[in-house]
Amino acid sequence: MALQIGELAPSFTLFNTEKKEISLSDYKGKNVVILFFPLAFTSVCTAELCEMRDNIATYSKLNAEIIGISVDSIFTLGKFKAEQSLPFDLLSDFNKEISTAYESIYENFVLGMKGVSKRSAFVIDGNGSIQYAEVLESAGDVPNFEAVKEVLAKL
C-alpha cells in the first residue's frame, strides 16, 4: 500500500558523500524534500538535481532542505555532487532498504539492473509527516516541482 499523506515518513539513517550518517530526524522542525533518483550521471537525474540546485534559494525561503537518495555508492554520488556543484546532501541507499520503505524501487530496471530507486518526490514536514508523495513509474519523467513548492508554501 502506498505511503499516505499525513502518516509519519519512514525514518532512515544513511551515509552522505562525506561518509557522515544523516538521519531524517536530523531535520526535525524543518520541511524536507526527499528526491529518490535512479542513477547518478544519467541525463534526467542530472537535469532534475541541477534544477533543484538552481532553485535552492526558493526552497530555502520555504524553510525546506533537499535530500537526494539513490542506490549509487557514496563514492559515485560524491563525484556526481562535485561535478554538478550540488549544495545539498546525496545519500547512498546502496542496500535498497530506504527506497523499499518509501515504495520507490524498481524490481527490474533497464539493462537487467534490479533494485534501482524510482524517481520520486516526498515532502516531509517538520513533525516528520508526509505532506506530498509522488512516485513515478517512468524514469524519464520528473516530479511536479510546482506542486512540491505549493505544498511547502502551505506549511
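- Partners of E48 by salt bridge (charged side-chain N to carboxylate O under 4.0 Å, His left out), not counting sequence neighbours, listed by chain and number: R119.
- In summary, the side chains of S129 and N127 do not present any donor paired with an acceptor at a separation below 3.5 Å, with no hydrogens or angles considered.
- Minimum heavy-atom separation, C50 to Q84: SG-OE1, 3.3 Å.
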- For the pair V44 and V142, evaluate side chain to side chain contact (heavy atoms under 4.5 Å, CB included) and give the outcome as yes or no after the intermediate values. CA-CA 8 Å; V44 179; V142 294; 3.7 Å; yes
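- For residues 64-86, the pairs satisfying ring-ring contact (aromatic ring centres under 6.0 Å, His included) are F41-F80, with sequence neighbours left out.
- For the atom pair CG of L49 and CG of L35, the computed distance is 6.5 Å after rounding to the nearest 0.5 Å.
- Note: D125 CG to K28 NZ = 9.5 Å, rounded to the nearest 0.5 Å.
- Among all heavy-atom pairs drawn from Y27 and S23, the shortest one is CD1-O, 3.5 Å.
- A salt bridge links E83 to K79: at least one charged side-chain nitrogen sits closer than 4.0 Å to a carboxylate oxygen.
- With sequence neighbours excluded, no residue forms a salt bridge (charged side-chain N to carboxylate O under 4.0 Å, His left out) with E107.
- N16 is not listed as a side-chain neighbour of E21, based on a closest heavy-atom distance of 4.5 Å or more.
- I66 and F145 fall within a single hydrophobic cluster, where Ile, Leu, Val, Met, Phe, Trp and Tyr are joined by side-chain heavy atoms under 4.5 Å apart, directly or via other members.
- A continuous path of hydrophobic side-chain contacts links I5 to I124 [ILVMFWY only; heavy atoms under 4.5 Å].
- Using a 3.5 Å distance cut-off with no hydrogens or angles, the side chains of S73 and T76 do pair a donor with an acceptor.
- The minimum heavy-atom distance linking L152 with N31 is given by the pair CD2-CB, 3.7 Å.
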- Just do the side chain to side chain contact (heavy atoms under 4.5 Å, CB included) check on V33 and V148 with the steps written out, would you? CA-CA 8 Å; V33 177; V148 168; 4.0 Å; yes
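- Note that the CD atom of E97 and the CD1 atom of I105 stand 10.0 Å from one another [nearest 0.5 Å].
- A distance of 13.0 Å separates CD in E51 from OG1 in T46, rounded to the nearest 0.5 Å.
- Between atom CG of residue D141 and atom CG of residue L136 there is a gap of 5.5 Å, rounded to the nearest 0.5 Å.
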- Item | T13 vs I22, side chain to side chain contact (heavy atoms under 4.5 Å, CB included): CA-CA, chis, key distance, verdict | CA-CA 5 Å; T13 300; I22 303 294; over 6 Å; no
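- Under the 6.0 Å cut-off for aromatic ring centres, Y132 and F122 do not qualify, their centroids lying 6.0 Å or more apart.
- A search for side chain to side chain donor-acceptor pair (under 3.5 Å) contacts involving K81 returns nothing, not counting sequence neighbours.
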- Show your working on side chain to side chain contact (heavy atoms under 4.5 Å, CB included) between I34 and F12 and close with a plain yes or no. CA-CA 12 Å; I34 299 174; F12 60 80; 3.8 Å; yes
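- Within a 6.0 Å sphere centred on NZ of K61, heavy atoms belonging to other residues, nucleotides or ligands number 12 at most.
- F37 and F109 sit in two unconnected hydrophobic clusters of ILVMFWY residues. Membership requires side-chain heavy atoms under 4.5 Å apart, directly or through other members.
- Transitive grouping of hydrophobic side chains (ILVMFWY, heavy atoms separated by less than 4.5 Å) keeps V32 and L90 in distinct clusters.
- The two atoms that bring E103 and L3 nearest to each other are OE1-N, 3.6 Å, heavy atoms only.
- Rounded to the nearest 0.5 angstrom, I67 CD1 and I98 CD1 are separated by 11.5 Å.
- D89 contributes no side-chain N or O that, together with a main-chain N or O of L91, makes up a donor-acceptor pair within less than 3.5 Å.
- In this structure, the side chain to side chain donor-acceptor pair (under 3.5 Å) partners of E137, at least two apart in sequence or on a different chain, are K118.
- Cluster membership for I74 and I69, using ILVMFWY side-chain heavy atoms within less than 4.5 angstrom, is not shared.
- In this structure, the side chains of E65 and F88 stay at 4.5 Å or more apart for every pair of heavy atoms.
- For the pair V123 and L155, the minimum side-chain heavy-atom distance is below 4.5 Å.
- With hydrogens and angles ignored, the 3.5 Å screen pairs no side-chain donor or acceptor of T58 with any backbone N or O of I56.
- Of all non-hydrogen atoms in L14 and S92, the two that sit nearest each other are CD2-O, 3.4 Å.
- P10 approaches L24 most closely through the heavy-atom pair O-CD2, 3.7 Å.
- The number of heavy-atom neighbours closer than 6.0 Å to CZ of F94, taken from other residues, nucleotides and ligands shown, is 12 or below.
- In this structure, the side chain to side chain donor-acceptor pair (under 3.5 Å) partners of S99, at least two apart in sequence or on a different chain, are D93, S117.
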